[in-house]
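Worksheet for the structure shown next.
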Amino acid sequence: MPEGPTMVLLKEALAPFKGKKVLEVAGNAKIEKERALNQPIKEFRTFGKHFLICFPSFTIRIHFLLFGSFSIDEQVRLNKAVRLKLVFDVGTVYFYTCAVKILDESLDDIYDWSTDVMNKAWSPRKAKQKLLQHPKELICDELLDQDIFAGVGNIIKNEVLFKMRVHPESKVGAIPSTKLAKIVSTASSYSFDFLAWRREFVLIKNLKAHGKKICPRCQVPLIKKHTGKKKRRSFFCKNCQVKYSTIS
DNA sequence: TGCCATGTTAAACT
DNA sequence: GAGTTTAACATGGC
């Protein structure tokens with residue numbers, strides 16, 4: 001469910017509810033749900049893996065964690081608890097197994113939109129600057145750093161590194177500058193590819209490394225290893241992904 | 001059936 | 001106190 005592109009799709013799916021008033025609230029989310037009653041949705045926004053339901057004076061933030069899901073109009077998980085249910089005159093939205101929080105702060109004060117790889121304000125220049133401040137960190141950990149690449153998840157990490165032919169255990173400071181810049185720009189562009197594929201239900205078909213056993217370039221077996229401080233699964237080809245490890 | 005995983009936070013360790 | 005590890009959350013596919 002998560003990763004940034006899915007949040008963008010959710011925003012599109014909920015577009016019919018923009019401007020509509022909440023007529024009924026329910027669910028087991030531990031927030032003051034009734035604050036949303038009779039409030040109109042000002043807009044929906046996304047920041048990385050956060051989904052933001054904006055009301056005139058506050059925001060409900062949804063994070064889907066690992067298993068979160070949603071449905072519109074039909075409660076698809078009849079046997080499962082509804083975390084949050086919002087009823088409008090034009091339909092109903094259900095959220096399941098997600099983290100829900102109310103934000104009272106102005107979003108511009110909390111979020112630096114330029115760190116979100118799918119936001120118009122995305123700044124590859126800032127991302128590269130932040131990377132260069134952590135020269136000893138491994139690129140597999142840094143791509144998952146939501147303060148640098150908000151919205152990038154483990155699948156996108158693996159696919160970007162495969163596409164760039166960079167080994168996940170490469171040290172940031174050892175990667176040539178032009179290559180690093182290319183990784184940064186690909187983190188964003190690949191997220192849009194991911195979005196387009198997901199929209200057409202062909203995402204899995206287009207994955208080249210994540211969850212795969214054979215390198216589509218070299219036909220040699222891919223390595224599957226939990227890498228870096230974050231110990232998340234990495235799938236990579238020892239043959240065609242270069243391991244940059246010497247910081248000059 | 002048991003294990004594992006597109007994720008994050010916080011508690012419990014050292 | 002910093003840094004690291006573990007638990008918790010809770011679903012579905014293999």
Side-chain angles (χ1 to χ4, degrees), chain A residues 1-11 13 27-31 46-52 59-71 74-85 94-103 110-112 115-118 133-134 136-163 168 186-213 222-236:
Chain A
M1 170 52 63
E3 304 223 21
T6 311
M7 297 302 104
V8 175
L9 285 178
L10 173 55
K11 182 180 160 177
N28 62 9
K30 292 185 192 114
I31 60 166
T46 65
F47 175 81
K49 298 164 189 166
H50 299 192
F51 187 72
L52 303 165
T59 301
I60 293 180
R61 185 194 74 186
I62 310 263
H63 195 301
F64 288 87
L65 301 155
L66 225 58
F67 318 120
S69 61
F70 72 95
S71 64
E74 284 185 64
Q75 189 181 328
V76 291
R77 309 209 171 160
L78 294 170
N79 52 335
K80 300 298 172 202
V82 173
R83 180 63 38 85
L84 183 66
K85 173 185 177 185
Y94 300 87
F95 295 99
Y96 313 90
T97 55
C98 48
V100 182
K101 194 182 173 190
I102 286 186
L103 306 175
I110 311 175
Y111 294 114
D112 177 355
T115 64
D116 177 356
V117 296
M118 305 207 68
Q133 286 165 12
H134 315 154
K136 291 179 182 167
E137 300 294 332
L138 301 185
I139 191 65
C140 58
D141 282 328
E142 294 297 287
L143 274 168
L144 293 173
D145 187 335
Q146 300 298 299
D147 293 329
I148 305 178
F149 298 103
V152 170
N154 205 34
I155 298 177
I156 294 176
K157 173 198 84 178
N158 281 320
E159 294 297 317
V160 166
L161 291 174
F162 179 79
K163 191 172 183 182
T186 303
S188 173
S189 64
Y190 187 85
S191 295
F192 285 96
D193 292 343
F194 188 108
L195 170 64
W197 290 329
R198 173 138 274 188
R199 210 194 287 284
E200 303 297 325
F201 306 103
V202 293
L203 174 68
I204 302 298
K205 200 177 81 185
N206 280 286
L207 297 181
K208 297 201 163 43
H210 187 88
K212 300 291 173 185
K213 291 195 159 56
L222 288 178
I223 309 285
K224 173 183 162 186
K225 182 181 175 188
H226 289 82
T227 58
K229 289 179 181 171
K230 292 190 161 76
K231 294 187 169 57
R232 301 295 305 280
R233 290 192 306 170
S234 286
F235 296 85
F236 57 96

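What you see is a predicted model; the values in this text were computed from it and never measured. Per chain, numbering begins at 1; letters A, B, ... match sequence-line order.
Side-chain contact, A:R233 with A:N154: no donor N or O sits under 3.5 Å from an acceptor N or O. Between A:K49 and A:T6, the side chains place no donor N or O within less than 3.5 Å of an acceptor N or O (distance only, hydrogens not considered).
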Dot-bracket summary - DNA chain B, pairs being Watson-Crick or G-U whose distances fall under 3.5 Å, with | when paired to another strand = .||||.||||||||
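Taking both residues in full, the closest heavy atoms of A:T97 and A:S69 are given as OG1-N, 4.1 Å, listed atom of the first, atom of the second, then distance. Looking at every heavy atom in both residues, A:A81 comes nearest to A:Y96 through O-CD2, 3.6 Å.
For the pair A:K230 NZ and B:dT6 P, the computed distance is 14 Å after rounding to whole Å. When the P atom of C:dA8 is taken as reference, atom NZ of A:K30 falls 14 Å away, rounded to whole Å. We find that OH of A:Y96 is positioned 11 Å from P of C:dG12, with the value rounded to whole Å. Distance, A:M7 CE to B:dT6 P: 16 Å, rounded to whole Å. Here the C1' atom of nucleotide B:dT8 and the CZ atom of A:F149 are 19 Å apart, to the nearest Å. If you measure from atom NE2 of A:H63 to atom C1' of B:dT6, you get 11 Å, rounded to the nearest angstrom. As rounded to whole Å, 13 Å separates atom P of B:dT8 from atom CZ of A:F64. Summarising the geometry, the separation between NZ on A:K101 and C1' on B:dA10 is reported as 13 Å, rounded to the nearest angstrom.
At the phosphate of B:dT6, neither OP1 nor OP2 sits under 4.0 Å from any side-chain N or O atom of A:K49. In terms of phosphate contacts, A:R83 brings a side-chain nitrogen or oxygen within less than 4.0 Å of OP1 or OP2 of C:dA10.
Here A:W197 and A:F192 keep their ring centres 6.0 angstrom or further from each other.
Here the side chain of A:Q146 is nearest to one of B:dT6, B:dT8, C:dA10, namely B:dT8.
A:L161 places a side-chain heavy atom less than 4.5 Å from the side chain of A:L143. When side chains are defined from C-beta on, A:H50 does not count as touching A:T46, because their heavy atoms never get closer than 4.5 Å.
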Expected rows: protein N/O vs nucleotides 3-5 of chain B N/O, under 3.5 Å:
residue: B:dA5; atom: O5'; partner: A:R233; partner atom: NE; Å: 3.4
residue: B:dA5; atom: O3'; partner: A:R233; partner atom: NH2; Å: 3.4

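The C1' atoms of B:dT6 and C:dT5 are separated by 23 Å, rounded to the nearest whole Å.
Under a 4.0 Å N-O distance rule, the pair A:K229/A:E137 qualifies as a salt bridge.
Atom CE in A:M118 sits 9.0 Å away from atom CZ in A:F194 (nearest 0.5 Å).
A:K229 comes within 4.0 angstrom of no nucleic acid atom, judged by non-hydrogen atoms across all strands.
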